[in-house]
Enquirer: 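Dropping the structure in here first, questions after.
Order of appearance sets the numbers: ligands from 1, and atoms from 1 within every ligand.
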Amino acid sequence: MHADHYSDLIAALQRANSIILLSHIRPDGDAYGSTLGLGLSLIAQGKQVRIFNRDGLNNLYHFLPRAELIEKTPEQLPPADLIVALDTSTEDRLGLADSLKPAVGVPIDWNVDHHVSNTLYGKNQFIDPSQPATASIITDLIAEARWPLTAEIAASLYVGIMTDTGSFRYRGTSPRTFDQASLLVSKGADPAELAKHCYQSISLPRFKLMQHALAGLQFEFDGALAHTTLTVKDFTELGALPEDTEGIVEAGLTVSGTELSAFFELKPNDGLKVSLRSKGRINVSELAQEFGGGGHPGAAGIGFKTNGTASRELVLARLRKEFTK
Ligand code: 5GP
Ligand code: MN
């Protein structure tokens, strides 16, 4: 890595006094961890920081230090010197109100991300697909800039890296990832405590949703393709929340010989959310892009606002083609 790798982004953040940090809809550990980690380090330097997410803070991540700083994105963004989007591959996934949409000139100053499918929106970009998490990028940036890295900041960033690497198991996990984790743990991030919060603290409805999704798992092509579907009714009957689907699609890959796992979530008004995971042979980012989605080679997703039921069949047919050609 070049010494000046982060210099433009560091300088922009350094110059600004008021900063807005945004991340993607249906936020995960990296969306929250990277924005909170960077936000807290900027606050520690006396800057005014607002952290916005369309979905606010969900139940899974209340344990994050200073999680109350995460606010629901307002219809109008307050004035700020700098607006930074983190971990968000497309402008659409920022979930901004129509009044803030690109056509009206959404003023994203910096687009900081690790998705290879990033559409390069915004005035400036810092995209590094060699990093397995946006929190990895922020860890290197804070280290390079010699900015504050307290135990709270370290914990936020550690959660981003841990969750986006599947606890240091997914492709993309490199020696550098362990160097970052080592730094964060030395600064006070507690691996056992944070893993307990992320993996051993789920609600009973969430467990029942997982149980139901696993019971409905279907295997095709001698188990090479695994898929399962949840409906709106499943959520209401089990009392589960939208964020309770984390981990379902990964469970489909646990069987030996399974190469591709798909999870279909039918939404109100015939919407559909598709999650795809691959063990490596199949590039699910390319498959998702065929349907207007995106992500990484091993983990990708697609959203359909309408025609969900029919789209599910189309996606399934396309996935099956991977095993018949
Ligand atoms: P998940 O299946 O966990 O929702 O998403 C897996 C990966 O695919 C994430 O990196 C996420 O950013 C990306 N992804 C999920 N849904 C979409 C989508 O609708 N559009 C795009 N461009 N990427 C998505
Ligand atoms: Mn991420």
Side-chain angles (χ1 to χ4, degrees), residues 21-38 53-55 58 60-61 85-95 111-121 126-139 156-167 170-173 177 180 198 213 226-230 242-253 260-265 267 271-278 283-306 308 311 315 319:
L21 303 179
L22 304 169
S23 59
H24 61 82
I25 58 174
R26 299 173 63 96
D28 55 16
D30 193 28
Y32 286 140
S34 61
T35 45
L36 208 47
L38 177 59
N53 187 287
R54 187 206 60 183
D55 298 329
N58 71 31
L60 307 183
Y61 290 99
L86 291 121
D87 199 41
T88 308
S89 54
T90 67
E91 226 158 2
D92 216 34
R93 285 173 58 73
L94 289 171
N111 165 3
V112 180
D113 189 23
H114 70 122
H115 292 92
V116 67
S117 59
N118 191 290
T119 57
L120 309 181
Y121 62 89
F126 188 96
I127 315 296
D128 187 354
S130 77
Q131 296 269 27
T134 301
S136 309
I137 296 174
I138 300 303
T139 303
S156 303
L157 296 172
Y158 185 90
V159 165
I161 296 174
M162 176 174 68
T163 54
D164 250 29
T165 58
S167 301
Y170 300 155
R171 227 165 287 279
T173 305
T177 316
Q180 291 153 354
C198 288
H227 61 90
T228 189
T229 303
L230 289 176
E243 61 261 33
D244 289 337
T245 57
E246 247 194 71
I248 288 176
V249 66
E250 286 82 5
L253 276 191
L260 200 162
S261 171
F263 166 46
F264 299 95
E265 191 187 334
K267 315 282 279 180
L272 175 72
K273 158 86 183 129
V274 186
S275 285
L276 302 173
R277 297 291 186 273
S278 161
N283 184 330
V284 288
S285 174
E286 286 174 3
L287 286 173
Q289 283 177 54
E290 289 180 27
F291 294 92
H296 312 276
I302 319 165
F304 295 93
K305 292 201 168 76
T306 54
S311 301
V315 173
L319 299 183

Enquirer: Provide the number and element of each atom of ligand 1 under 4.0 Å from a heavy atom of His296.
Expert: 10 (O)
Enquirer: Which of the numbered atoms in ligand 1 are below 4.0 angstrom from a heavy atom of Thr90?
Expert: 22 (N)
Enquirer: Gly301 versus ligand 1: do any nitrogen or oxygen atoms come within less than 3.5 Å of each other?
Expert: yes
Enquirer: Is it true that a side-chain atom of Ser117 and a backbone atom of Gly295 form a donor plus acceptor pair closer than 3.5 Å?
Expert: yes
Enquirer: Report yes if the side chains of Thr245 and Glu265 come closer than 4.5 Å at any heavy-atom pair, otherwise no.
Expert: yes
Enquirer: What I'd like to find out is whether the side chain of Ile138 reaches to under 4.5 Å of the side chain of Leu86, using heavy atoms alone.
Expert: yes
Enquirer: Please list, in number order, the atoms of ligand 1 under 4.0 Å from a heavy atom of Ser275.
Expert: 1 (P), 2 (O), 4 (O)
Enquirer: Search all heavy atoms of Asp164 against all heavy atoms of Ala133 and return the closest pair with its distance.
Expert: CB-CB, 3.7 Å
Enquirer: With 2.8 Å as the limit, jot down which protein N, O or S atoms are around the Mn ion (ligand 2).
Expert: Asp30 OD2, Asp87 OD1, His114 NE2, Asp164 OD2
Enquirer: Any idea which protein heavy atom is nearest atom 7 (C) of ligand 1, and the distance to it?
Expert: Ala299 O, 3.5 Å
Enquirer: Give the atoms of ligand 1, by number and element, whose distance to some non-hydrogen atom of Gly303 is under 4.0 Å.
Expert: 19 (O)
Enquirer: Should Arg277 be listed as contacting ligand 1, given a heavy-atom distance under 4.0 Å as the test?
Expert: yes
Enquirer: Would you tell me which option among Ala300, Gly298, Ser285 has the nearest heavy-atom contact to atom 8 (O) of ligand 1?
Expert: Ala300
Enquirer: Looking at Asn58, is its backbone amide N or carbonyl O close enough to the side chain of Tyr32 to form a donor-acceptor pair, meaning the two atoms are under 3.5 Å apart?
Expert: yes
Enquirer: Starting from atom 9 (C) of ligand 1, locate the nearest protein heavy atom and write down its residue, its atom name and how far away it is, to 0.1 Å.
Expert: His115 NE2, 3.9 Å
Enquirer: Walk me through it: do Ile248 and Leu230 pass the test side chain to side chain contact (heavy atoms under 4.5 Å, CB included)?
Expert: CA-CA 10 Å; Ile248 288 176; Leu230 289 176; 3.8 Å; yes
Enquirer: Does any part of the side chain of Leu60, heavy atoms only, come nearer than 4.5 Å to the side chain of Asp244, both counted from C-beta?
Expert: yes
Enquirer: Please verify whether a non-hydrogen atom of His24 lies at under 4.0 Å from ligand 1.
Expert: no
Enquirer: Looking at every non-hydrogen atom in both residues, tell me the closest pair between Ala300 and Arg277 and how far apart they are.
Expert: O-NH1, 3.6 Å
Enquirer: Quick one: does ligand 1 sit under 4.0 Å from the side chain of Arg93, the backbone, both or neither, non-hydrogen atoms only?
Expert: side chain
Enquirer: Please give me the minimum heavy-atom distance between Cys198 and Val159, naming the atom from each residue.
Expert: SG-CG1, 4.1 Å
Enquirer: Polar contacts were defined as any N/O atom of the residue lying under 3.5 Å from an N/O atom of the ligand; does this apply to Gly294 and ligand 1?
Expert: yes
Enquirer: Could you check His114 against Ser136 for side chain to side chain contact (heavy atoms under 4.5 Å, CB included), going step by step and ending with a plain yes or no?
Expert: CA-CA 9 Å; His114 70 122; Ser136 309; over 6 Å; no
Enquirer: I want to know if ligand 1 touches Ser117 in the polar sense, i.e. an N/O pair below 3.5 angstrom.
Expert: no
Enquirer: A side-chain contact here means heavy atoms from C-beta on lying under 4.5 Å apart; do Asp28 and Thr163 qualify?
Expert: no
Enquirer: Using only atom types and a distance under 3.5 Å, with no angle test, would you say the side chain of Asn53 pairs donor to acceptor with the backbone of His24?
Expert: yes
Enquirer: What atoms of ligand 1 come closer than 4.0 angstrom to any heavy atom of Lys273?
Expert: 1 (P), 2 (O), 4 (O), 15 (C), 16 (N)
Enquirer: Distance from Asn118 atom CG to Glu91 atom CD, nearest 0.5 Å?
Expert: 10.0 Å
Enquirer: Below 4.0 Å, non-hydrogen atoms only: which portion of Ile302 touches ligand 1? Side chain, backbone, both or neither.
Expert: backbone
